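Notes follow once the structure below has been shown.
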Amino acid sequence: MGADMPRRFPARFNVDDFATIDRRHLLRGLAASSLVTAGASLFARAAWANPVFSAYPFSLGVASGDPAPDGFVIWTKIAPKPLERGGGMPNRPVEVEWAVATDPRMRTVVQKGTATAFAELGHAVHVEVGGLEPGRDYYYRFTVGGEGSRIGRAKTLPRPGAPLAELRFGLAGCQRFEDGYFTAYRHIAAENFDFVFHYGDYIYEYRVLRPGERPLPVVRTMPDEPDEIFTLDEYRHRYALYKLDPDLQAAHASAPFIVSYDDHEVSNNWAGDVPDQVVPPEVFLLRRAAAFQAWYEHMPVRRALMPRGPDILAYRRFLVGDLLTLNVLDTRLYRSDQPCGDGLRADCKEALAPERTMLGDAQERWLYEGFKRAETRWHALGQQVMMMHTDRDPDPDVFLTHMDKWDGAVAARDRLFDAVEQSKLRNLVVLTGDIHNNWAGELRRKFDDARSAVGVEFVGTSISSGGDGFDTNERMNAVVAQNPHLKFFNNQRGYVRFVVTPGHWRADYRVLDKVSTRDGALSTRRSFVVESGKSTLSEG
Ligand SMILES: [Fe+2]
């Protein structure tokens, strides 16, 4: 398997507890017992046989994700009326047929089956398809009640260790609905990527914004006047609203996604059990449980990522041939609370405390063990908040760093760099989101010493958050000048395209001139190349 899950849950429970019984298992078990008649009729009464829908049941599209050498997850969610409570579905399970083929017209079906969409999971369907060949394209489709979904494309990973000449993947995230159109996703769909890494902020939990309520234009207004979301049904409504976007659906149908979450899937700048708002932790955990359930329901992830109440195990590892190890990190659930009250701070002593963490003990151990066993040419960390030290004040005498980023847990960053050096890990590439700007730079032990670099970091901008933005300005040029390891800043929307070969890692920063209309023009603003064996960026 390419997805290398941590063996134990670091928080409250063991990952082995996750084994859930699917219906086929259940019926097989029942068939061996005298309960078979009772069991089968029990299910027949509960299931919605021969469903007839008042509207198209696949309104939220299809998706694939978490690829492995032998398969991937395929996802859909049955929602004929996606913005209504329950998605327009009765509170009964429904059987959904699925098929995987080797051709885009679904003529040569190689795997098929039936999955049960449970009301408890908002009629989401997650099928873990296995038994496929490594490193090739597949196509999939769902059918229910005589209706067929669109056909999606997925791709398996090459076998770990198998020679791979080239990998092409995308970096995307931060897609606030009101801020602009998801045009970048239309272009991601056209890229035919091997996969897309999504760093989070898939939704934003905030209340509806009306035009004129803020200086930034409100490009799209959320219907139904939603308030800030707290309950499972409210999170479901928000995901449905976002997932109705045709560009987002096209991107999902084009390639597998490897997803993580950041803060806005739950609540702005939450940290572990601590919310950003004044709420007792035990109350916040109820909200976090609802948020995680809704996230799971809408993401093409494996059953191992199903939450247990407010807990979830979302960090995981993907091995892509002999070329890449991708560690997907969780920098929200196990981190220390932001020091000095969060935000931009000068001279925050608390940020230097040795016990501060971004990953928590168990995730750190898991990551560093992986460093020791590294066998691929490149080693990537797919994560959320900026790892490079960044002085955000243009004045040379003022040092302002952001407490929500790795600058708020300096000892944690030092431990990570120590582990990289001790395991002699080469070709470290950190992939980041969160701050709605493009950045590129070198990860240095001492940020003013070019010889101390241990890797590079590519920070991808947002799909829409922040609106049209601007290329750069005088102030940001001055900020970059204060940080000699930073090579690039841009404040436009888009995504990053990576082309990875044994010899080099190329990053193309793809930006849109605007997201306030649907016809924004795409261009490659800047390209960088990292040569294998070096931790420096050169112009691509
Ligand atoms: Fe964001």
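All values reported here derive from a predicted model rather than from experimental measurement. Side chains included, hydrogens not; waters and symmetry mates left out as well; all remaining heavy atoms used. When a ligand or atom number is given, it counts from 1 through the structure's own listing order.
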Would you check if the Fe ion (ligand 1) lies under 2.8 Å from any N, O or S atom of [X]?
X: Y204; result: yes
X: D201; result: yes
X: H264; result: no

Q) Charged N to carboxylate O under 4.0 angstrom, D247 versus R186? A) yes

Q | With F169, the ring pair (Phe, Tyr, Trp, His ring centres under 6.0 Å) member among Y495, F193, F498 | A | F498

Q | With Q175, the side chain to side chain donor-acceptor pair (under 3.5 Å) member among Y204, Y185, Y242 | A | Y185

**Q.** N, O or S atom within H436 nearest to the Fe ion (ligand 1), by name
**A.** NE2

Q | Ring center gap for Y235 and H298 short of 6.0 angstrom | A | no

